[in-house]
Amino acid sequence: MRQELNIWVAGGDMRQAKLAELLAEDGHSVHTFGLERLGTIPGAHLEETTADMRLADCVVLPLPAAGEGSLLNAPLSAGRHPLSHLLDALRPSQVICAGMVRPQVAAMAADRGLTLHDYFAREELAVANAVPTAEGAIQIAMEELPITIHGARALVIGYGRLGRALSQRLAALGAKVSVAARKYADLAWAESCGYGIEHTGQLEGWLCCYDLVVNTVPARVLDRKGLEDLQSGCLVIDLASKPGGVDLEAAAQLGVKVVWALSLPGKVAPVTAGRSIKTTIYNILHELGV
């Protein structure tokens, strides 16, 4: 990778703001768009238009790239920016990195001859993001539960990267941890770590003993029947991306407290999250020979 690059960071939350700052600290010429509510970002040039974005060696779109409808995900911008207008300002030869690229966004880019490199799909970022997400979930549990994590009966649904990181940290705090998973291999690994085990497809009737249930699976795993099994006062934290893994309407009707905690890395540890994205972007640039 070249020592100094022209990099644009467009849209996003505090993760992207910290990313821009870290890139500038590394000596790159950094421009930001759609982050103007933060004011000046150290070392970065605040841009009001995308006119000069074609000059960039690398453009970093947010995570997720698209927000409401087909707009750029830009909660820290004072305006609303159609993603199509931003893509129109780019050229096919540029390195364009984006997070959580949905099919519609990929199609919009392809129509313009653009290739989007999805940094959220990279394994190194997924592993790195598991840590602040797990810590953020524990923070929520500490704030919302009337009991300590120590001694709490906790169920973690899903035993992927996040499920493993979360189970380990809950157990370290003294929680009585069980894991629900679909794959028998995952259940075997969970059991080898000393956790209780449940099969995700057979949870009905087995949820009545938990003080805390945390879902990490991006699919509907807690429907009305499952929610009806929960004991009074059980806290449910859903870490799954949209559309989530919990029937929120049923939960509200049943009086079950659910916290749908999206994008925790950007909320609880934006510097760490920004650093992880920076490392992933550098890896992509290195692989592309930039």
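Worth saying up front: this structure is predicted, and the values here are computed from it rather than measured. Along the sequence shown, the residues carry numbers beginning at 1.
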How close do A171 and V177 get, counting heavy atoms only, and between which atoms? N-CG2, 3.7 Å
Would you find a donor on one side and an acceptor on the other, under 3.5 Å apart, between the side chain of R164 and the backbone of Y159? yes
Side chain of D26, backbone of H28: donor and acceptor closer than 3.5 Å? no
Testing the basics here: between P132 and V268, what is the closest heavy-atom pair and its distance to 0.1 Å? O-CG2, 3.5 Å
Do the side chains of I157 and T200 get nearer than 4.5 Å, heavy atoms only? yes
Find out if a path of hydrophobic residues (ILVMFWY) with successive side-chain heavy-atom gaps under 4.5 Å connects I197 to Y184. yes
Spatial distance of atom CG (L254) from atom CD (E249) [nearest 0.5 Å]: 10.5 Å
Go through E36 and S77 one step at a time and tell me if the side-chain contact (heavy atoms from CB on, under 4.5 Å) criterion holds. CA-CA 6 Å; E36 66 272 10; S77 176; 2.7 Å; yes
Output yes when a side-chain donor or acceptor of R15 lies under 3.5 Å from a complementary backbone atom of A273, and no otherwise. no
With a 4.0 Å cut-off, would you call K18 and E21 a salt bridge? yes
Name the orientation class of the two ring planes belonging to H31 and W8 (parallel below 30°, tilted from 30 to 60°, perpendicular beyond 60°). parallel
Quick one: closest heavy-atom pair of E198 and L187, and the distance? O-CD2, 3.2 Å
Any donor and acceptor pair, going by atom type alone, linking the side chain of N6 with main-chain N or O of D57 inside 3.5 Å? no
So does V101 get a backbone contact from the side chain of D118, meaning a donor-acceptor N/O pair under 3.5 Å? yes
Determine whether E135 and I138 make a side-chain contact, defined as any pair of heavy atoms from C-beta on separated by less than 4.5 Å. no
Say whether, by atom type as modelled, one donor and one acceptor occur between the side chain of N73 and the main chain of G12 under 3.5 angstrom. no
Report the distance from atom CD1 of I149 to atom CD1 of I147, rounding to the nearest 0.5 Å. 7.5 Å
Single-linkage hydrophobic cluster L90~V60, side-chain heavy atoms < 4.5 angstrom: no
Any side-chain heavy-atom pair of E124 and T279 under 4.5 Å: no
Between Q16 (side chain only) and V9 (backbone N and O only), is there a donor and an acceptor less than 3.5 Å apart? no
Is the number of heavy atoms from other residues, nucleotides or ligands under 6.0 Å of E48 CD greater than 12? no
Examine distances only and state if a side-chain atom of T133 and a backbone atom of A130 form a donor-acceptor pair shorter than 3.5 Å. no
Which distance, rounded to the nearest 0.5 Å, do you find between the NE2 of H45 and the OG of S29? 4.5 Å
Between CG of D223 and CD of E228, what distance do you get to the nearest 0.5 Å? 8.5 Å
To the nearest 0.5 angstrom, please state how far the CD1 atom of I277 sits from the SG atom of C97. 10.5 Å
Do the side chains of K225 and D229 get nearer than 4.5 Å, heavy atoms only? no
Smallest heavy-atom separation, L22 atom then G274 atom, equals CD1-C, 3.8 Å
Ionic contact status for E287 with R122, cut-off 4.0 Å: yes
Test side-chain contact (heavy atoms from CB on, under 4.5 Å) on V246 and W260; report intermediate values, then the result. CA-CA 9 Å; V246 180; W260 191 9; over 6 Å; no
Within the side chain of H199, is there an N or O that forms a donor-acceptor pair under 3.5 Å with the backbone of R182? yes
Does H81 reach the side chain of L86, with side-chain heavy atoms less than 4.5 Å apart? no
Is any side-chain heavy atom of V131 closer than 4.5 Å to one of T272? no
Side chain to side chain contact (heavy atoms under 4.5 Å, CB included) partner of L239, the single match among V156, V214, N215: V214
Quick one, M142 with L173, criterion side-chain contact (heavy atoms from CB on, under 4.5 Å). Give me CA distance, side-chain angles, the key distance, then yes/no. CA-CA 11 Å; M142 287 180 168; L173 289 171; 3.9 Å; yes
Report yes if the side chains of L203 and V221 come closer than 4.5 Å at any heavy-atom pair, otherwise no. no
Identify which one of L76, L72, D13 satisfies the side chain to side chain contact (heavy atoms under 4.5 Å, CB included) criterion when paired with P62. L72
W206 CH2: over 12 foreign heavy atoms closer than 6.0 Å: no
Consider only side-chain heavy atoms of I, L, V, M, F, W and Y, link residues closer than 4.5 Å, and tell whether L222 and Y210 are in one cluster. yes
Side chains of C58 and V290, heavy atoms from C-beta outward: is any pair under 4.5 Å? no
Under the side-chain contact (heavy atoms from CB on, under 4.5 Å) rule, what do R153 and S178 come out as? Steps first, then yes or no, please. CA-CA 8 Å; R153 294 161 296 182; S178 292; over 6 Å; no
Hey, what do you get for CG (D88) to CZ (R112), rounding to the nearest 0.5 Å? 4.5 Å
Under 4.5 Å between side-chain heavy atoms, hopping through other hydrophobics if needed: is there a path connecting L230 to L235? no
Cluster overlap L5 with L61, hydrophobic side-chain contacts below 4.5 Å: no
Donor-acceptor check, side chain of Q94 to backbone of A56, threshold 3.5 angstrom: yes or no? yes
Provide the closest heavy-atom pair for T32 versus A44 in the form atom of the first, atom of the second, distance. CG2-CB, 3.9 Å
Closest heavy-atom pair, L227 versus D247, reported as atoms and distance to 0.1 Å, is CD1-O, 3.5 Å
Considering residues, nucleotides and ligands other than K176, do more than 12 of their heavy atoms fall under 6.0 Å from its NZ? no
